[in-house]
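Below is one structure, written out as structure tokens, with a few remarks after it.
These numbers come from a predicted model, not from an experiment. Below, each value reflects all heavy atoms present in this structure, side chains not excepted, and no hydrogens, waters or symmetry copies.
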Amino acid sequence: MKTLIDRVEGPVLRPGDEGYDEERTGFNLAARHAPDVVVCALGADDVRAAVGYAAARGLAVAVQGTGHGISVAAEGGVLVSTRRMTDVRVDPEARTARVGAGARWGDVIERAATYGLAPLNGSAPHVGVLGYTLGGGLALLGRSHGYAADRVIGMDVVTADGRLRHVTPNGEPDLYWALLGGRDNFGIVTAMEFGLVPVGRLYGGGLFFDAAGVPGVLAAYLRWTATVPERMNSSVALIPFPDMPGVPEELRGRRVLHVRIAFAGPAEEGERLVEPLRAIGPRLVETLRDLPYAECGSIHDDPPVPMPWTGDDVLLGELDDAAIRTIDERISRGELIVELRHLGGALSRPPAHPNAVGHRDARYLLAELHPGAAHGPKELVRALAPWSVGRFLNLMGHGEDAGPEQVRSAYDPADLERLAALKAVHDPCGTFRVTYRLP
């Protein structure tokens, strides 16, 4: 242990030490790591020291930035906390960003916006860049520009042998392919460089309908998605708002269907495209407007406060009337939160540099989220099996929700076989075994 402390610049914590509990706890409070040692890395050398220490002793290694996407909680072993590695640099001429392992999307969005550029972030700016991207990264502008993983230019990664490698599509292409979709099964990424897109403004926001008072919202939304161009990115979410202070009065105590819009084009064109949604019925609230990309987090308005939840997801093909009835029947009861995202467009096309993100033929993604630490029944995801083409790694949940069967369903069979073969090459002793485990 003293050897590790001597080699690491950042704090090294054990159970009972001040700061240990805070460091092992991520954003999702339903799952919590319980490592023997936490290495609070300040840079790549600290990560190398932690991996070398663990590998020499046959210990498992887990990594955590923000803890949004925790899958299998570490029991024992070494947890590498990267949340202090927050460097963000934007090159406006190359239209690229380089970030440290602990960077969050909000910092990238803010700096890129200065130059009229945007990253392929998700709906919540407080999510960490690396875990999101290594899982694929379903972007707010995904239909317009593809998955976040598709824009990655290079990564610095510490592999199980303790080496720091610079991985690019042309240098170590197999490892590049495996990391983008295989997450941290193959090493700990300490820095990442990726392309930005020339987007300075959006037409975005939401339409809120009373789920009980305005029937047919889901069917109307699905018909509408068949008519819109790739520049239109959207989803619809069922949200049971609590009856409590802080919730807007119009939404308080209601089960609400929230249609989210992010149109990467002129506001007047966005207005025209959205008009059929307004014809569905009276809105409780409407927040659509022309807005700077720096305010994109206001579209979904995801809460930034850590909380416990469990969940699951399913990637879907075309949805018929029977599928719509199945969804309607199950969202009419209970306190679960459900989101249906429109896919296709650039998400369906192969990237310039291949990666392991699969099921690009999916037309929609449905995620169900159960607030609280207890695992919900996941009835909706199971009921949609006839329309399923697989799962998406980032939204799969944790624990029993991320078991071998679920992980297997996130990949095309040939890709899963290739990932397993590359795991045997790059991590033969299974040092990185606390993650979405490859079956």
Side-chain angles (χ1 to χ4, degrees), residues 27-31 68 122-124 126-127 138 140 204-222 234-261 277-278 280-288 297-314 316 319 323-342 364-384 392 394-399 401:
F27 189 88
N28 185 353
L29 302 180
H68 281 76
S123 60
H126 49 277
V127 167
L138 181 52
L140 190 67
L207 303 165
F208 295 79
F209 299 90
D210 187 317
V214 185
V217 174
L218 180 61
Y221 169 75
L222 288 171
S234 68
S235 69
V236 59
L238 173 82
I239 306 171
F241 281 96
D243 186 2
M244 59 185 295
V247 177
E249 185 175 351
E250 302 91 338
L251 308 179
R252 194 177 299 167
R254 294 178 183 264
R255 292 168 62 78
V256 172
L257 283 164
H258 179 197
V259 180
R260 292 89 173 263
I261 300 294
L277 295 175
R278 293 194 177 100
I280 293 172
R283 278 91 62 203
L284 299 170
V285 179
E286 180 175 329
T287 61
L288 286 167
S298 68
I299 295 174
H300 286 236
D301 199 22
D302 293 328
V305 180
M307 64 190 73
W309 77 87
T310 61
D312 204 352
D313 75 81
V314 59
L316 302 164
L319 299 179
I324 295 171
R325 285 195 301 273
T326 298
I327 297 171
D328 272 335
E329 288 168 3
R330 283 162 176 79
I331 66 174
S332 63
R333 58 185 185 271
E335 293 303 310
L336 78 163
I337 297 170
V338 177
E339 183 184 32
L340 184 70
R341 300 193 186 197
H342 185 203
Y364 299 93
L365 179 145
L366 183 139
E368 62 174 296
L369 185 150
H370 297 258
H375 288 269
K378 315 302 183 295
E379 289 181 2
L380 180 52
V381 164
R382 291 169 186 161
L384 290 170
F392 182 60
N394 281 141
L395 301 175
M396 195 181 294
H398 67 87
D401 304 319

Checklist line | Atom of Arg278, atom of Glu286 and distance for their closest heavy-atom approach | finding: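 In this case the closest contact between Arg278 and Glu286 is NH2-OE2, 2.7 Å.
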
Quiz item: Which atoms form the tightest heavy-atom contact between Ile261 and Ser234, and what is the distance?
Solution: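 For Ile261 versus Ser234, the nearest heavy atoms are CD1-CB, 4.0 Å.
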
[Y] side chain reached by [X] side chain, heavy atoms, under 4.5 Å:
X: His258; Y: Phe208; answer: yes
X: Tyr364; Y: His342; answer: yes
X: Thr287; Y: Asp301; answer: no
X: Leu316; Y: Leu384; answer: yes

Sorted by chain and residue number, the ring-ring contact (aromatic ring centres under 6.0 Å, His included) partners of His68 (sequence neighbours excluded) come out as Phe27, His126

| Taking it one step at a time, do Val127 and Asp302 satisfy side-chain contact (heavy atoms from CB on, under 4.5 Å)? | CA-CA 10 Å; Val127 167; Asp302 293 328; over 6 Å; no

Would you give the length of the straight line joining atom [atom1] of [X] to atom [atom2] of [Y], rounded to the nearest 0.5 angstrom?
X: Leu207; Y: Leu288; atom1: CG; atom2: CG; answer: 4.5 Å
X: Glu368; Y: Arg382; atom1: CD; atom2: CZ; answer: 8.5 Å
X: Leu284; Y: Glu249; atom1: CG; atom2: CD; answer: 11.5 Å
X: Asn394; Y: Leu138; atom1: CG; atom2: CG; answer: 8.0 Å
X: Asn28; Y: Leu369; atom1: CG; atom2: CG; answer: 8.5 Å

Any donor-acceptor pair under 3.5 Å from Arg341 side chain to Ser235 backbone: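 Not confirmed, Arg341 side chain does not pair with Ser235 backbone.
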
In Leu336, Ile337, Asp312, the residue satisfying side-chain contact (heavy atoms from CB on, under 4.5 Å) with His370 is Leu336

State which residue, out of Val338, Leu395, Asp313, fulfils the side-chain contact (heavy atoms from CB on, under 4.5 Å) condition with Leu366.
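The residue from Val338, Leu395, Asp313 that satisfies side-chain contact (heavy atoms from CB on, under 4.5 Å) with Leu366 turns out to be Val338.
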
Would you tabulate the side-chain donor-acceptor contacts of residues 209-220 under 3.5 Å, counting partners in other chains and residues two or more places apart, or write 'none'?
from	atom 1	to	atom 2	distance (Å)
Asp210	OD1	Ala212	N	2.8
Asp210	OD1	Gly213	N	3.0
Asp210	OD2	Arg254	NH1	2.5

Between Arg260 and Glu339, is there a side-chain N and carboxylate O pair less than 4.0 Å apart? yes

Kindly determine whether Leu251 and Ile239 satisfy side-chain contact (heavy atoms from CB on, under 4.5 Å), including the steps that lead there. CA-CA 10 Å; Leu251 308 179; Ile239 306 171; over 6 Å; no

